[in-house]
Structures are given as structure tokens and as C-alpha cells.
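Please read the structure below before turning to the comments.
These numbers were taken from a predicted model, which means no experiment stands behind them. By convention in this document, chain letters (A, B, ...) are assigned in the order of the sequence lines, proteins followed by strands, and residues within each chain are numbered from 1. Side chains included, hydrogens not; waters and symmetry mates left out as well; all remaining heavy atoms used.
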Amino acid sequence: MNNSLKKLIEDSIIEALGEQGNSPPIFITQPKKREWGDLSTNLPFSLSRKTGESISKIGERLVSSLKKKNFLSRVEFTPPGFLNFFISSQYLVRTLKNVLLQRENFASFSYGKGKKVHIDFVSANPTGPLHIGHARGAAIGDSLANILSKVGYKVEREYYICDVGGQIERLSRSVWVRLQELEGKRVFFPEDGYKGDYVIEIARKAKKDLKEELSTEKKEERLLDLLGKFTVKEILKEIKKDLEDFGVKYDSWFAESTLYENREIFKTIDELQKRGYTYEKDGALWFKASLFLKEEKDRVLKRKNGEYTYFARDISYHQNKLSRGFDRMINVWGQDHIGYAPFLKVAVENLDPFHRSPEIIIYQFVTLMRGKEKISASTREGEFISLREVLNEIGKDVARFFFVSCNADTHLKFDLELAKKQSAENPVFYIQYAHARICSIFKKAKKEGIKLEDPEKIRLTSLGEPEEIKIMKKICLYPDVVKEAAEALEPHHLVGYAEELAALFHQFYTKHRVISDDKILTLARLCLVEAVRIVIEDTLTLLGISAPQMM
RNA sequence: GCGCCUGUAGUUCAGUGGAUAGAACGUCGGCCUCCGGAGCCGAAAGUCGCAGGUUCAAAUCCUGCCAGGCGCACCA
């Protein structure tokens, strides 16, 4: 299935350019003014610079060979050097029928060619509940996964569980201390321990569930190990539940400890050594990052005490992904990993014979506000707004919409008060309202005994009002929006699109009646609004937001 | 100090080197006999952080400043 209008135009241009057609990249964009067409390109500029032919000559030549295309009603060359395209009503009608026939597959593509994509997001350390910062990563990662699978990739969502290392030790020690306190003993709470109340809850649960083991096991080391495993399991249970309520479901959960169990970590280190990417210094094993990254310091793979660093484990994890046959690996990380990303990339790509490299999407942190006041977020100190609280306060739809509505690079400010207060006028409701309104039109139609027939049989040419044309044109662009969001790995493009489509619908709705005495027009308009409904539902689904029939 | 990211309307954010920089919220003024008013129509609101440069064309690319966020571990 391919309903991309831009591709159609692009192909026609390439065809028109003929044999000598190794043209510069063709950019087709939506112009700002209606007189400039529905789509336009600046190709005459760039082509002229390349070939030396005059801009207007190129323009005129392209116009004359493109104007025969039946999906265009008009092609114009407009000085200083634009080609403006006008979509034909024939194409508008055909597209409307396609939406009704193909429904949620209208914007599906084979673009990804069934390639396997691994997407790793959130992957928060199991040392505490998810907080609001993780929510942004969850919203971006999950929507991206949805979008990529829509354009034809085989997507696997995975959560990487860091269940190894010093943080887990600190966590289990914190639980142990809380346990002692429950026994009535006064114990000094470690400076670097986890201070959140959830630790006390877990201690309480451990006291009940691990009663026997706790009383028989005397060796502190074994005891801490036992507590650690129990705690990680408990916290993961909560994380999983929070994510599910946020609309996120993973295909797999990968525990870091399995890298030791199947000895992959050792193989990775061997390979790095064999290739001469390592050296020993001060009793530690180092990665020669400077081989690939000038001006960067080398990094430790294996510490003096014999433990592997997170870096070493992470390289091994990525090799594991490659061994599972993934063509692309996408990691969605918070900006605190920004300096680390290049190291992982060079290590992984230089070990792989095909030089596949993780693609890393960095999202900037959310500044959380309550009115004018900033709220800090630290898992260690136990000061954070949990994802759970956000879900309870403002709900999944508003939260997901908010986190996915702007570019990952934006340092966005999130005012909880405002999010709650504005909720009635929030853009997400504006979009959902359009959907609910359409559903209610169909309820009325049903009551009056009107049924939507086979769209092929309905005379859609009776749709000619400006508001109707605008809607159809917007719908024609939907597949391209999805494709562009997939190519750029930027879900936020869909948000802007959904708002625009909803606005066009509301404008149409205010001015015209769908159900009227004119039977033919009624059916045509039902088709039109049903197409709007399908597309809105589709965008909302990609963003993980519900499309309610009633509000 | 070095690296990455950001700076666009009162606020939150869009904006693929192109044509007169957009939307939402907020503010002000209009619109309910009729499919849902969580809607529609209109108005006010901008030195695109500052200064240079490249280009026929710069919010967008380059350089330098200023301000903010995050990194620069034998943490993860």
C-alpha cells in the first residue's frame, strides 16, 4: 500500500527529468499561502545551480510534462523559482475512498521492508518507582515504536534491566536497614542509601514474604543478595504496572545479569582485546576510545576489583541485540547520557563487521513545576513526582499528549497545576472532541435509518464546499506525515497534524450539516466525516491516546 | 575549562536554506430555533537571545559572545 502523494509527485518529476535525471534531492513542502498550491518544491533553484540552465526554463519544462498527470489539476511555475502543485478533485475523491476501504491501513507503508528494529526506552534502574522524567522517554519511545511498525518495520520493544552493580547493593542495604528499624533496632541509615518511603514498604513486604529465609540466613552477604533480588522484583512489578497504565507494553525484558549467565560479557571483552582496542593500566582494563574519538579520554571496561563497568556490559548488550538479527537499534535516552553516547557507538560499530551502530535519541529533561515552583527529581533522595501520581492527577491521555507534542530536543516545562487546570481546554480534548462529535453524528444517522454504503457507490463529487475540500486535502497528506515522522524519528509531527485536521473538521461542522434531506449529499458527507474519524483515531492510536466515542 | 542541547508573541511550543514567521493557552470583542458550545468567527500581541559572516534568498548554515539545562567517573 502506498498512498504517499509526495512520492507520486517526486516520481513524476524524476520521470520528467529523464535520463540526465541525477537531480539534487527533491524537497516537496506545504507552502504557506493557498495561491501557492497544495504542495510545492524549490527544485528549479537547486537544479539550476547544478546544471547552469536558467531557473525559469527548468520550471517551464517541468510544468509542461507534469500537467498531464491526473492526480494534479494544475502545475505552475512561480517566480522566483517555485513549482506549485494543485491536487485534482479526482485524486481527492479516490483518496477518500481509499481511507474508507483501507481504514487503519490507509497510512501503512512497506517502507521498512520488514526489517527488524529494536527499540530500547525507559529502562530505568530498578531502584525506585518511575518518575515524571521517565514518562517523556516512555511516551516518545512507545509512539516511535508504533510509528515504525506502521511504516513496515518489525519492531521489538525492550526494557533493559540494570540488575547488576553498586546501585543494587546500595538499594539492598537500604532495605536491610529499614528491616532492622521494623525490628525496633536503631541502625544508622547510609548516606548513599535510597531514602524514599517505598523502601520501607518493600522492607515490610520482605519481612512478611521472606520470613523464613531472613531468620535462617545468617551470612550478611547472602542476605543482602536475597534482599536485592526480592527488591528488584518488587520494584519491577510496580514499574511494569505503571507503564501498562501509561499504555506501554514491552515485548521483552532483558536482565543485564543474563550477560554473565551466558558468558557474553567475557566474549565481548575478548573480542575487544583481540582487536587491539584495549590496554591495561593501574590494574584496570581500558577501552582505547582515542582510536576513534579524538580529544576523548579512554574509558575503563574492567575495574581494578575485577568488576565490569556499565560500559562493558552495554557493549555486550548491543552485541547481543545484533546477534538476535536486528537491523536497527534505537535507544531513547535522557540527556544525562549525552556524553556517553559516542563511546558506545564507536565501540559497537567497530566490533560489528557491518558497522551497525545504535541510533540514539536524546530527550531533554522535563522541568517540573507546580505553579511558579520548581520541583526537583531525585530517586536517591526520594524527592520526585511519580508517574503514578501524574496518572492519577491528569490522566494518561493528557500526559502522553503533552510529552509527545514537542521535539525531543526541547527543554520543556511541565506545570502540573496548569496541566490540571487547563485540562478542559487542552488540545488533546480538542482532538478527541472532534472524534466524539463524529461518533455522535453516526449515532443520529443510525437512529434515522441511514447507513453508510459501499463508498465506491457513493457520489462523492457532491463534496465541493471549501471546508470539504480543505479536509480532503489534509487527509491526502496524512500518509506523508506518518512517513516523515518515521524517517526523522519524531512523533511530534503527528500532534500538529491531528490538531490541524480536528480544526478543519470543527470549522466544517459549524458551517454545514451532515445529515439533511439531500440523501446523496448526506451519504457523501458521512463518508467525509468517517474518513476524518478514521484518520484522527489512527493518529491518536499511534500516540498512545484513546479516541473516545463520548466525552 | 571542554562537549552536547536550548533561546521564536505575556505563557507553552511548531516552523525540511525559500515566498508576508504560525498554533494553542491567556487577554479583548462577537456567534446557541437545528447532528455535542470541550465548538465557531474576529482583534491585539514578534528586534526569531546579541553581533558579525556565507547566499540570489537565513529563525534555519558558519564564527564569536550572552543566558539556561545536562554531561565531562575504576556510577549506572
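Within 4.0 Å (heavy atoms only), A:D163 reaches no atom of the nucleic acid at all. A:A436 comes within 4.0 angstrom of a base, heavy atoms only. Using a 4.0 Å heavy-atom cutoff across all strands shown, A:H435 reaches no nucleic acid atom at all. As judged by a 4.0 angstrom heavy-atom cut-off over every strand, A:K304 is placed among the base-contacting residues. A:N407 comes within 4.0 angstrom of sugar-phosphate atoms only, judged by non-hydrogen atoms across all strands, and of no base. Heavy atoms of A:H337 sit under 4.0 angstrom from at least one base atom. Base contact: A:E484 has a heavy atom under 4.0 Å from a base atom. Here A:L412 lies in heavy-atom contact (under 4.0 Å) with sugar-phosphate atoms only. Across all strands, A:F442 comes closer than 4.0 Å to no nucleic acid atom at all (heavy-atom distances). Residue-level contact check: A:Q549 touches the bases, meaning some heavy atom is under 4.0 Å from a base atom. Heavy atoms of A:K6 sit under 4.0 angstrom from at least one base atom. Base contact: A:N42 has a heavy atom under 4.0 Å from a base atom. At the heavy-atom level, A:F45 lies under 4.0 Å from base atoms of the strands shown. Contact annotation for A:S40: base contact, defined as any heavy-atom pair under 4.0 Å involving a base atom.
A close approach under 4.0 Å does occur between a side-chain nitrogen or oxygen of A:R313 and OP1 or OP2 of B:rA76. Side-chain nitrogen and oxygen atoms of A:R437 include at least one within less than 4.0 Å of the OP1 or OP2 phosphate oxygen of B:rG37. When the side-chain nitrogen and oxygen atoms of A:Y430 are compared with OP1 and OP2 of B:rC40, one or more of them lie within a distance under 4.0 Å. For the pair A:Q507 and B:rG39, the criterion of a side-chain N or O lying under 4.0 Å from OP1 or OP2 is not met. A sub-4.0 Å separation between OP1 or OP2 of B:rA19 and a side-chain N or O of A:K33 is absent. Checking the phosphate oxygens (OP1, OP2) of B:rA73, a side-chain nitrogen or oxygen of A:K297 falls inside 4.0 Å. A sub-4.0 Å separation between OP1 or OP2 of B:rA76 and a side-chain N or O of A:R303 is present. The phosphate of B:rC35 has neither OP1 nor OP2 within less than 4.0 Å of any side-chain N or O from A:R525. Regarding contacts with the backbone of B:rG17, every side-chain N or O of A:S46 stays at 4.0 angstrom or more from both OP1 and OP2. Note on A:H506: every side-chain N or O is 4.0 Å or more away from OP1 and OP2 of B:rC41. Distances shorter than 4.0 Å separate some side-chain N or O of A:S440 from OP1 or OP2 on B:rG36.
Rounded to an integer number of Å, the gap from CZ of A:R513 to C1' of B:rG36 is 12 Å. Atom CZ of A:F508 and atom P of B:rG36 are 14 Å apart (whole Å). A straight line from CD1 of A:I431 to P of B:rA23 spans 16 Å, rounded to a whole angstrom. Distance, A:K294 NZ to B:rC2 P: 20 Å, rounded to whole Å. For A:E296 and B:rC72, the CD to C1' distance is 8 Å, given to the nearest whole Å. One atom, NZ of A:K32, and another, P of B:rG15, lie 14 Å apart when rounded to the nearest Å. A:Y433 has its OH atom 11 Å from the C1' atom of B:rC35, to the nearest Å. The interatomic distance linking A:H493 (NE2) with B:rA14 (C1') rounds to 10 Å, in whole Å.
Comparing B:rG18 with B:rA57, their C1' atoms are spaced 6 Å from each other, to the whole Å. On the C1' atoms, B:rU63 is 39 Å away from B:rA44, given to the nearest whole Å. Nucleotides B:rA9 and B:rA23 place their C1' atoms 11 Å apart, quoted to the nearest Å. A distance of about 28 Å separates the P atoms of B:rG52 and B:rA14, rounded to the whole Å. Nucleotides B:rU33 and B:rA24 are separated by 26 Å at their P atoms, to the nearest Å.
With a cut-off of 3.5 Å on both Watson-Crick or G-U wobble distances, the partner of B:rA9 is given as none. The base-pairing partner of B:rG36, taking Watson-Crick or G-U wobble contacts with both distances under 3.5 Å, does not exist among the strands shown. Look at B:rU55: it lacks any Watson-Crick or wobble partner with both distances under 3.5 angstrom. The pairing partner recorded for B:rA43 is B:rU27, the criterion being a Watson-Crick or G-U wobble arrangement whose two distances lie under 3.5 angstrom.
Using a distance-only test at 3.5 Å, with no hydrogens or angles considered, a donor-acceptor pair links the side chain of A:S174 to the main chain of A:Y194. Panel note: side chain A:H493, backbone A:A485; no donor-acceptor pair is recorded below 3.5 Å. Between the side chain of A:Q432 and the backbone N or O of A:S546 there is at least one donor-acceptor pair closer than 3.5 Å.
Set against B:rG71, B:rA14, B:rA57, the side chain of A:H492 has B:rA14 as its closest nucleotide. Looking at the side chain of A:D409, the nearest of the listed nucleotides B:rA76, B:rC5, B:rC74 is B:rC5. The side chain of A:T510 lies closest to B:rG39, out of B:rG39, B:rG15, B:rC35. Minimum atom distance to the side chain of A:A284 is reached by B:rC74, of the listed B:rC74, B:rC35, B:rA19.
A donor and an acceptor atom sit less than 3.5 Å apart, one in the side chain of A:H411 and one in the base of B:rG68. Taking only distance into account, the side chain of A:T309 never meets the base of B:rA76 through a donor-acceptor pair shorter than 3.5 Å.
Mapping A:E307 and A:F27 onto RNA chain B by nearest heavy atom places A:F27 at the nucleotide closer to the 5' end. Nucleotides of RNA chain B nearest to A:E490 and A:E499 differ in position, and the one nearer the 5' end is that of A:E490.
Within 6.0 Å of the CG atom in A:N305, the count of heavy atoms belonging to other residues, nucleotides or ligands exceeds 12. Heavy atoms from other residues, nucleotides or ligands lying under 6.0 Å from NZ of A:K396 number more than 12.
A:K345 and A:P358 make their closest contact through NZ-O, 2.8 Å (heavy atoms, listed as atom of the first residue, atom of the second, distance).
Its glycosidic angle being within 90° of 0, B:rC32 falls on the syn side.
The aromatic ring of A:W36 stacks onto the base of B:rA19, its centre lying under 5.5 Å from the centre of the six-membered base ring with the two planes under 30° apart. In this pair, A:Y340 does not lay its aromatic ring on the base of B:rG71; centres under 5.5 Å and planes under 30 degrees do not both hold.
Annotation: side chain of A:W333 is not in contact with side chain of A:Y363 (no heavy-atom distance under 4.5 Å). Between A:V232 and A:T127 the shortest side-chain heavy-atom distance does not fall below 4.5 Å.
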Do A:H435 and A:E537 pass the side chain to side chain donor-acceptor pair (under 3.5 Å) test, and can you show the C-alpha distance, the side-chain angles, and the key distance before you say yes or no?
CA-CA 7 Å; A:H435 185 269; A:E537 184 183 20; 4.6 Å; no
Side chain to side chain donor-acceptor pair (under 3.5 Å) between A:N426 and A:K420, worked out
CA-CA 9 Å; A:N426 195 299; A:K420 244 188 343 189; over 6 Å; no
